[in-house]
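Only one structure is covered here, and it is reproduced in the block below.
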There are 2 protein chains.
Amino acid sequence: MSLLKFVAVSESSPSLQPIDVSLTPQERFEEYLQTRGLRQTSQRKTLVDQVFSHHDHFDADELIDRLPRRGDKNYVSSATVYRTLREFVDAGLLKSFQLEGRTVYEHDYGYPQHDHLYCTRCRKLFEFQSEALTKLRDEVGSEHGFRIAGHRMIIHGVCRECSKSRRKKRKQDLV
Amino acid sequence: MSLLKFVAVSESSPSLQPIDVSLTPQERFEEYLQTRGLRQTSQRKTLVDQVFSHHDHFDADELIDRLPRRGDKNYVSSATVYRTLREFVDAGLLKSFQLEGRTVYEHDYGYPQHDHLYCTRCRKLFEFQSEALTKLRDEVGSEHGFRIAGHRMIIHGVCRECSKSRRKKRKQDLV
DNA sequence: TTGTATGCAAATAATTTGCACCAAA
DNA sequence: TTTGGTGCAAATTATTTGCATACAA
């Protein structure tokens, strides 16, 4: 079994380096299903393929928008989308978290641990890695006698691009 | 105007030290209402009093449970509870964040900036302060050209108490 | 065959909103 | 008086669930 790199293509800002993994997400999910006596269905295939076709953050609604419509080939009902997203999380393929009320999903399998910067203007999520943060988290945890399972850190603010366009807009407003 | 300490009583674990503030939350809210031409009503009074009667984390439902029932004196409809909680956040009295789907509120006015440890077993939130975390956040932000507005960090794990009782339970299970 | 998976529609759950009536200022 | 506030019930939104049917193993 060859070690292959699962390439997560990111159309927007360059994200973090993918991790070498021995299975594609598709293969990993098949493995997950088999070990639990669950079935491989066309719907699950459609969803794995769509979700791992590119690297970004999304919610259930956005995913449904990208899938074939009712009546079209490979249509998947939204009930199944919700059910399958939960399976992806259970299988360790995806992580989910809450942001402004909505449930956001992102790749976990084949992707390094990281945290987020959230631009409240354009609502984009940016990723960053910080060993210092993890270390700090571990220290805080042991100070409080916590057995740590993980953490979630989101920095809120306005991104570089939005700061620029805001400045531009202001100048224009004066004209 | 005397400088007074708004004492946030915590029944459970000792929390952080309250900050000296010149107005009580009640007074602060009155000020907020007046500067916007909004009115002081019995419902708003009931809610400020209840919310700041002790220091803890709560959601809308828990707050409603602690208030008088329909038909009783000082009853407040849940629509008004939701509307007022949003005002408290706008007024800077409360902060809110999402945790496992629910919207959690906590004191902000008269209370220092802090982050949370969340025990996934007993579902309690513990608070901690870390200057290093804020510093790290600022560094990450400026590296990415972010104008930072704030952050939210939650460490997930199992607290000391729950780790103990888990051990106990296991021993008992063997009897 | 046999039990899991799916689609559909109904059920939930947490909020929000429209509107007639109430009440601060 | 005048305009914002409240309660109630209906509307929303996101998600889950019951159930009859379809299909993978």
Side-chain angles (χ1 to χ4, degrees), chain A residues 26 29-51 57-91 94 96-105 123, chain B residues 26 29-50 57-91 94 96-105:
Chain A
Q26 283 81 354
F29 191 47
E30 282 179 27
E31 186 183 69
Y32 169 86
L33 293 174
Q34 280 175 2
T35 58
R36 314 212 167 195
L38 303 177
R39 292 168 184 174
Q40 301 190 58
T41 65
S42 65
Q43 288 87 343
R44 283 174 174 152
K45 179 91 171 52
T46 299
L47 290 169
V48 161
D49 287 350
Q50 173 55 249
V51 164
H57 300 87
F58 63 94
D59 60 24
D61 210 49
E62 289 165 354
L63 174 56
I64 291 167
D65 275 351
R66 290 204 297 266
L67 293 168
R69 309 286 151 190
R70 184 181 314 189
D72 291 350
K73 191 164 182 292
N74 291 327
Y75 166 72
V76 182
S77 71
S78 41
T80 295
V81 169
Y82 280 105
R83 284 188 278 237
T84 308
L85 282 174
R86 236 187 312 178
E87 291 175 335
F88 287 169
V89 172
D90 287 347
L94 295 181
S96 74
F97 56 100
Q98 303 287 128
L99 183 61
E100 293 194 336
R102 65 182 199 140
T103 302
V104 178
Y105 295 87
R123 309 197 157 191
Chain B
Q26 283 80 354
F29 191 48
E30 283 180 26
E31 186 183 68
Y32 169 86
L33 294 173
Q34 281 176 1
T35 59
R36 315 214 167 193
L38 303 177
R39 293 170 184 175
Q40 302 190 59
T41 64
S42 64
Q43 288 87 340
R44 283 172 174 153
K45 179 90 170 50
T46 298
L47 290 169
V48 159
D49 287 348
Q50 174 55 248
H57 300 87
F58 63 94
D59 61 23
D61 210 49
E62 289 165 354
L63 174 56
I64 290 168
D65 274 351
R66 291 204 294 266
L67 293 168
R69 309 286 152 191
R70 185 180 315 190
D72 291 350
K73 190 163 184 294
N74 290 326
Y75 165 72
V76 182
S77 72
S78 41
T80 295
V81 170
Y82 281 107
R83 284 188 279 238
T84 308
L85 282 174
R86 234 185 315 177
E87 291 174 334
F88 287 168
V89 173
D90 288 347
L94 294 182
S96 73
F97 56 101
Q98 304 285 128
L99 182 62
E100 292 196 333
R102 64 182 202 143
T103 302
V104 178
Y105 295 87

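Naming convention: chains lettered A, B, ... in sequence-line order (proteins, then strands); numbering from 1 in each chain. This one's a predicted model, so the numbers in the text were calculated from it and none came from an experiment.
- Under the side chain to side chain contact (heavy atoms under 4.5 Å, CB included) test applied with B:Val81, the options B:Leu47, B:Asp61, B:Thr46 reduce to a single match, B:Leu47.
- Rounding to whole angstrom units, NZ of residue B:Lys73 and P of D:dT6 are separated by 16 Å.
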Can you give each donor-acceptor pair under 3.5 Å made by side-chain atoms of residues 64-75 of chain B, sequence neighbours left out, with the distance rounded to 0.1 Å?
residue : atom : partner : partner atom : Å
B:Arg66 : NE   : B:Gln50 : OE1          : 3.2
B:Arg69 : NH2  : B:Asp65 : O            : 2.8

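- To the nearest angstrom, C1' of D:dG5 lies 16 Å from CG of B:Asn74.
- In this pair, A:Phe97 and A:His57 present their aromatic rings perpendicular. The plane angle is above 60°, beyond the 30 to 60° band.
- Considering all non-hydrogen atoms of both residues, B:Ala91 and B:Phe29 come closest at CB-CD1, 4.2 Å.
- Distance, A:Arg36 CZ to D:dA25 C1': 19 Å, rounded to whole Å.
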Side-chain polar contacts of residues 83-90 of chain B - donor-acceptor pairs under 3.5 angstrom, sequence neighbours left out - could you list them?
residue : atom : partner : partner atom : Å
B:Thr84 : OG1  : B:Thr80 : O            : 2.7
B:Glu87 : OE1  : B:Arg44 : NE           : 3.2
B:Glu87 : OE2  : B:Arg44 : NH2          : 2.7

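- Side-chain nitrogen and oxygen atoms of A:Ser77 include none within less than 4.0 Å of the OP1 or OP2 phosphate oxygen of C:dT6.
- Regarding A:Glu87, its CD atom lies at a distance of 12 Å from the P atom of D:dT16, rounded to whole Å.
- Of the options A:Val104, A:Thr103, A:Leu63, a side chain to side chain contact (heavy atoms under 4.5 Å, CB included) to A:Phe58 is made by A:Leu63 and by none of the others.
- Of the side-chain N and O atoms in A:Gln43, none sit less than 4.0 angstrom from OP1 or OP2 of D:dC23.
- A search for side chain to side chain donor-acceptor pair (under 3.5 Å) contacts involving B:Gln40 returns nothing, not counting sequence neighbours.
- Listed by chain and residue number, nothing satisfies the side chain to side chain donor-acceptor pair (under 3.5 Å) test with B:Gln34 (two or more places apart in sequence, or in another chain).
- The separation between A:Leu33 atom CG and D:dA24 atom C1' is 12 Å, rounded to whole Å.
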Does the protein touch nucleotides 15-25 of chain C at the base, only the backbone, or not at all? Give it as B, S and - per nucleotide, heavy atoms under 4.0 Å.
SBBB----BBS
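- Listed by residue number, the members of residues 62-71 of chain B with any heavy atom below 4.0 angstrom from DNA chain C form an empty set.
- In this structure, CZ on A:Arg36 lies 11.0 Å from CD on A:Glu31, to the nearest 0.5 angstrom.
- We find that CG of A:Leu85 is positioned 16 Å from P of C:dA5, with the value rounded to whole Å.
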